[in-house]
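Below is one structure, written out as structure tokens, with a few remarks after it.
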Number of protein chains: 2
Amino acid sequence: MAKTNKTKYALLGVLSLMSGSGYDIKKFCDSSISHFWNENYGHIYPVLQKMEQEELITKQVEQTEGRPSKNVYSITEKGRKQLEEWLMLPVEPEPFRSELLLKIFWSANIPVENIIEKFQQIKKESEETLSRYLEFENLIKTKNENASKKILVLWLTTLNYGKHSAEAKLKWCEETLKNLEEIKDL
Amino acid sequence: MAKTNKTKYALLGVLSLMSGSGYDIKKFCDSSISHFWNENYGHIYPVLQKMEQEELITKQVEQTEGRPSKNVYSITEKGRKQLEEWLMLPVEPEPFRSELLLKIFWSANIPVENIIEKFQQIKKESEETLSRYLEFENLIKTKNENASKKILVLWLTTLNYGKHSAEAKLKWCEETLKNLEEIKDL
DNA sequence: GTATCCATGTAACCAGTTACATGATTGC
DNA sequence: GCAATCATGTAACTGGTTACATGGATAC
């Protein structure tokens, strides 16, 4: 069984909230789900075309004065149904691949100082990530006061995942740095 | 800049510990780094061939009675050097994509009961993952008593990452379940 | 006699990234 | 005058997965 194309559902998700062009969709993604999902034009445009053929979305060309013409896509009933079917399905376990852990695992011959540097860097990045999440949380809470409680809970849940995993990473770095300092002088 | 082929380094890593065939390498991966890295034959064999051409590894054909012939690969000096160069480099931030979070984000029209079920399942999986890590930790500690302290620390560090993130996921599930129960009857 | 292990490989395919190409408008 | 924004797309490429093909040996 071939891997299902999840980009399709990401785009359908955006179009279930609003009609828009590939460009609009990309912007929306960047400002809302970028902490766990990214898309790039080179993929968005062909997938939109394919979805139009499958009648999951429809296209309307919009001409504005002195602007490049815009292909505005809207989700169809069929599209909405397919999205919901997918959403109802249980989540498949996602294979996890980490370059970081791979490097650590094979670092027996690398100077401990180099490994320590790496962990200091990762620790710093985790701290930054964490504070970005906290900021973003406030933004969501204040900007969406009139959104439904359910949507708010769902959106905060995705954020909360980020917070928990950044915190976990941070703790891991601290523990590891302690362990590495211990073996530094052996 | 094209994405660098990390499978190459995974295979070089294994071959830096031991010479072996594609089959051996796969077995090793499955039993040691499978909690953060996976490889499959369809990728291993062609990459091994390519690496041989680049002189990072050498091949020796081994014939045993009543066995399929075996291509035993060994790492060369050049291969060892390339591996170490890569290991010394700082870790690039890894783009993160989560189908789970994508589904949650778009679940505004999905019954809360369905979402709750998903989280119960994920919680269960996290608990299982966590206990597998704990078992594996004991295994590593007892089985590698005579390994160098450094290697032990490195290996346990990769495991520890898994433990921390499984714990974080568990906590996240519990919090989310509480939140979902609250909005269930709205 | 059946399932699993040992062992290697290819072909088809899909997802996703990067670079390239174009060009007008708006804001500084 | 320059950078950024708006806007769409294609081509080349890479990485990775799955399915297919083969076949003897061993363990139950």
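Residue numbers start from 1 in every chain, and the chains themselves are labelled A, B, ... in the order their sequence lines are given, proteins ahead of strands.
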Run through the side-chain heavy atoms of Ile, Leu, Val, Met, Phe, Trp and Tyr, join any pair under 4.5 Å, and report what else lands in [X]'s cluster.
X	value
A/Tyr23	A/Tyr41, A/Tyr45
A/Leu134	none
B/Leu130	B/Leu170

How many Å lie between [atom1] on [X] and [atom2] on [N], as a whole number?
X	N	atom1	atom2	value
B/Asp24	C/dC5	CG	P	15 Å
B/Lys6	D/dT17	NZ	C1'	17 Å
A/Tyr73	D/dG9	OH	C1'	10 Å
B/Glu92	D/dG15	CD	P	12 Å
B/Leu11	C/dT8	CG	P	13 Å
A/Lys8	C/dC14	NZ	P	12 Å
B/Asp30	C/dC5	CG	P	12 Å

Please tabulate, for the side chains in residues 107-114 of chain B, all donor-acceptor contacts under 3.5 angstrom to protein atoms that are two or more places apart in sequence or on a different chain.
unit_1	atom_1	unit_2	atom_2	d
B/Ser107	OG	B/Lys103	O	2.5
B/Asn114	OD1	B/Lys118	NZ	2.7
B/Asn114	ND2	A/Met88	O	3.2

Taking N or O atoms only and anything under 3.5 Å, show me the protein contacts with nucleotides 4-6 of chain D, one pair per line.
unit_1	atom_1	unit_2	atom_2	d
D/dC6	OP2	A/Tyr23	OH	2.8

- Task: Check step by step if side chain to side chain contact (heavy atoms under 4.5 Å, CB included) holds for A/Asp24 and A/Lys70.
- Result: CA-CA 10 Å; A/Asp24 295 333; A/Lys70 200 172 163 174; 3.2 Å; yes
- Message: For B/His43, give me all partners under ring-ring contact (aromatic ring centres under 6.0 Å, His included), at least two apart in sequence or on another chain.
- Response: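 B/His43: no ring-ring contact (aromatic ring centres under 6.0 Å, His included) contacts found.
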N/O donor to acceptor pairs below 3.5 angstrom from side-chain atoms of residues 175-186 of chain B, sequence neighbours left out:
unit_1	atom_1	unit_2	atom_2	d
B/Glu175	OE1	A/Asn160	ND2	2.8
B/Glu175	OE1	A/His164	NE2	3.4
B/Glu175	OE2	A/His164	NE2	3.0
B/Thr176	OG1	B/Trp172	O	2.7
B/Asn179	ND2	B/Glu175	O	3.4

- Item | Estimated bend of the helix from C/dG1-D/dC28 to C/dC28-D/dG1 (axis per five terminal pairs, rounded to 10 degrees) | 50°
- Message: Going by salt bridge (Lys or Arg N to Asp or Glu O under 4.0 Å), name the residues that satisfy it together with A/Arg80, two or more places apart in sequence or in a different chain.
- Response: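 Counting only residues at least two positions away or on another chain, A/Arg80 forms no salt bridge (Lys or Arg N to Asp or Glu O under 4.0 Å).
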- Item | Verdict with reasoning, B/Glu92 to B/Lys6, per salt bridge (Lys or Arg N to Asp or Glu O under 4.0 Å) | CA-CA 12 Å; B/Glu92 304 164 44; B/Lys6 292 170 210 158; over 6 Å; no
- Query: The side chain of B/Arg97 lies closest to which of these nucleotides: C/dG16, D/dG9, C/dT8?
  - Reply: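 Ranking C/dG16, D/dG9, C/dT8 by closest atom to the B/Arg97 side chain puts C/dG16 first.
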- Taking C/dG16, D/dT8, C/dT8 as options, the one with an atom nearest any side-chain atom of A/Ser21 is D/dT8
- Is B/Thr7 near enough to D/dG16 that one of its side-chain N or O atoms lies under 4.0 angstrom from OP1 or OP2?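 Checking B/Thr7 against D/dG16: at least one side-chain N or O falls below 4.0 Å of OP1 or OP2.
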- Task: Just grab all the ring pair (Phe, Tyr, Trp, His ring centres under 6.0 Å) pairs involving residues 121-150 of chain B, residues at least two apart or on different chains.
- Result: B/His35-B/Tyr133, B/His35-B/Phe136
- Of all of residues 38-61 of chain B, which get a heavy atom below 4.0 angstrom from DNA chain D, listed by number? B/Asn38, B/Asn40, B/Gly42, B/His43
- Query: Any salt bridge (Lys or Arg N to Asp or Glu O under 4.0 Å) pairs touching residues 119-137 of chain A, not counting sequence neighbours?
  - Reply: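 Counting only pairs at least two positions apart or across chains, the salt bridge (Lys or Arg N to Asp or Glu O under 4.0 Å) contacts touching residues 119-137 of chain A are A/Glu137-A/Lys141, A/Glu137-A/Lys163.
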- Message: With nearest nucleotide decided by heavy atoms, which residue, A/Trp37 or B/Ser69, maps closer to the 5′ end of DNA chain C?
- Response: B/Ser69
